[in-house]
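First comes the structure, then the notes that go with it.
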Number of protein chains: 2
Amino acid sequence: MDIKSIIRTVPDFPKRGIMFRDITTLLKNKDAFIYVVDRFYEHYKDKKIDKVVSVESRGFIFGSVLAYRLGAGFVPIRKPGKLPAEVARQEYQLEYGTDSMEIHKDAIKPGERVLVHDDLLATGGTVAAACKLIEHLRGDVVGICFLIELTSLNGRRAIPAKDIISLIEYDTD
Amino acid sequence: MDIKSIIRTVPDFPKRGIMFRDITTLLKNKDAFIYVVDRFYEHYKDKKIDKVVSVESRGFIFGSVLAYRLGAGFVPIRKPGKLPAEVARQEYQLEYGTDSMEIHKDAIKPGERVLVHDDLLATGGTVAAACKLIEHLRGDVVGICFLIELTSLNGRRAIPAKDIISLIEYDTD
């Protein structure tokens, strides 16, 4: 299935010069949705994944389905102040300034095998921060999967020594 | 399975006097996660659901799994400014002031059968606004499902004439 053709590109969103890759046209297409989940599932089905971790909020969409499909638990990483129990926090770089993200400290047990999912790999800052949080809890990041990778931004450099897959690539951002 | 016992209650979060029902302890438990999805699935499997609609961001978690399980498309409703193509917008009441939410105008076709999911039914304002957006696009809201219902807040009054289910009830907020 040519899922790349189902992604909608919106020029100049959220600001001039950005080609926004809109996944909602894929999400609403039930055949494409199932195809994506099954592609990820095939890659990770024998990896004994204990937890799938995703970053708020688009990452929750395929992350939770993957958890269900793999028979794993689901762990959300959220913006500060959203998780009510004891958290670990990690800062990360944005284009201008910094932001931070939090995970519940009891979300992952030491030694658990973790799959990280986000919808988009751009510079890799978000997912690198997520990996730091998981490793802080002594989880083992077994793999990282993205729906879309903007290859020209070299995001894989931010997350070396990880098993990374993406299903759709764009060589211009 | 006694899933209510797996929900964590955090007193005084996000502010004094609120008993916060934390679903992350359920999400990370793979057996409870599967149990919840399968309970929803059993209720809707013969309802010919075309689209599952959920509100950002906790609603995305079970909403997307339900879409996958039911063989339906998934449609996110998001905070203003997040969706890149043409949107419909709906305001709704918060405890103090108002907020608004958006849906892509091409997300639902007239006559499509829609299941709405959110994690929590409190006053019902959020999901009532979601139903208005779906009906504005001439979708047919066939059912609404929640993981948790705070029954003392009478949220069902905000969404009359809908087929509503919840899996866990609390009679105090």
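Chain naming here is simple, since letters A, B, ... match the order of the sequence lines and numbering starts at 1 in each.
- The structure places CG of B:Leu27 at 11.0 Å from NZ of A:Lys51, a figure rounded to the nearest 0.5 Å.
- No single ILVMFWY cluster, assembled from side-chain heavy atoms under 4.5 Å apart, contains both A:Phe146 and A:Leu120.
- Put simply, B:Ile61 and A:Phe40 are part of the same group of oily side chains (I, L, V, M, F, W, Y) that touch within less than 4.5 Å, one to the next.
- Side-chain contact between A:Glu112 and B:Lys28: absent, with no pair of heavy atoms (C-beta onward) separated by less than 4.5 Å.
- Under a hydrophobic-cluster definition in which Ile, Leu, Val, Met, Phe, Trp and Tyr are linked whenever side-chain heavy atoms come within less than 4.5 Å, directly or via other members, B:Phe33 and A:Phe60 are assigned to the same cluster.
- Per-residue heavy-atom pair counts under 4.5 Å with chain B were compared for A:Val65, A:Asn29, A:Val10, A:Thr25, and the maximum is reached by A:Val65.
- Residues A:Tyr68 and B:Leu66 form no side-chain contact, since every pair of their non-hydrogen atoms from C-beta on lies 4.5 Å or further apart.
- Side-chain contact between B:Asp106 and A:Arg8 is present, with heavy atoms from C-beta onward closer than 4.5 Å.
- Cluster annotation: B:Val55 is not connected to B:Ile49 through the hydrophobic network of ILVMFWY side chains, with a link wherever side-chain heavy atoms come within less than 4.5 Å.
- Only the side chain of B:Asp38 comes within contact range of chain A, judged by heavy atoms closer than 4.5 Å.
- For the options A:Ile108, A:Val52, A:Ile34, heavy-atom pairs under 4.5 Å to chain B are most numerous at A:Ile34.
- Note: B:Glu56 CD to A:Glu56 CD = 7.0 Å, rounded to the nearest 0.5 Å.
- Note that CZ of B:Phe74 is 9.0 Å distant from CD1 of A:Ile23, once rounded to the nearest 0.5 Å.
- Inter-residue side-chain proximity for A:Thr24 and B:Arg78 is flagged as unmet; no heavy-atom pair is nearer than 4.5 Å.
- Within the 4.5 Å cutoff, the side chain of B:His104 has heavy atoms near those of the A:Asp22 side chain.
- In this structure, chain B has a heavy atom under 4.5 Å from the side chain of A:Phe13, while its backbone stays farther away.
- Interface remark: of the candidates B:Gly63, B:Ser64, B:Gly71, B:Ser64 forms the most heavy-atom pairs closer than 4.5 Å to chain A.
- Heavy-atom proximity under 4.5 angstrom to chain A picks out B:Lys82, B:Leu83, B:Pro84, B:Ala85 from residues 82-94 of chain B.
- Residues from residues 156-167 of chain B never place a non-hydrogen atom less than 4.5 Å from a non-hydrogen atom of chain A.
- No side-chain donor from either of B:Arg58 and A:Ser57 sits under 3.5 Å from a side-chain acceptor of the other.
- Looking at A:Asp31, there are no atoms closer than 4.5 Å to chain B (heavy atoms on both sides), in backbone or side chain.
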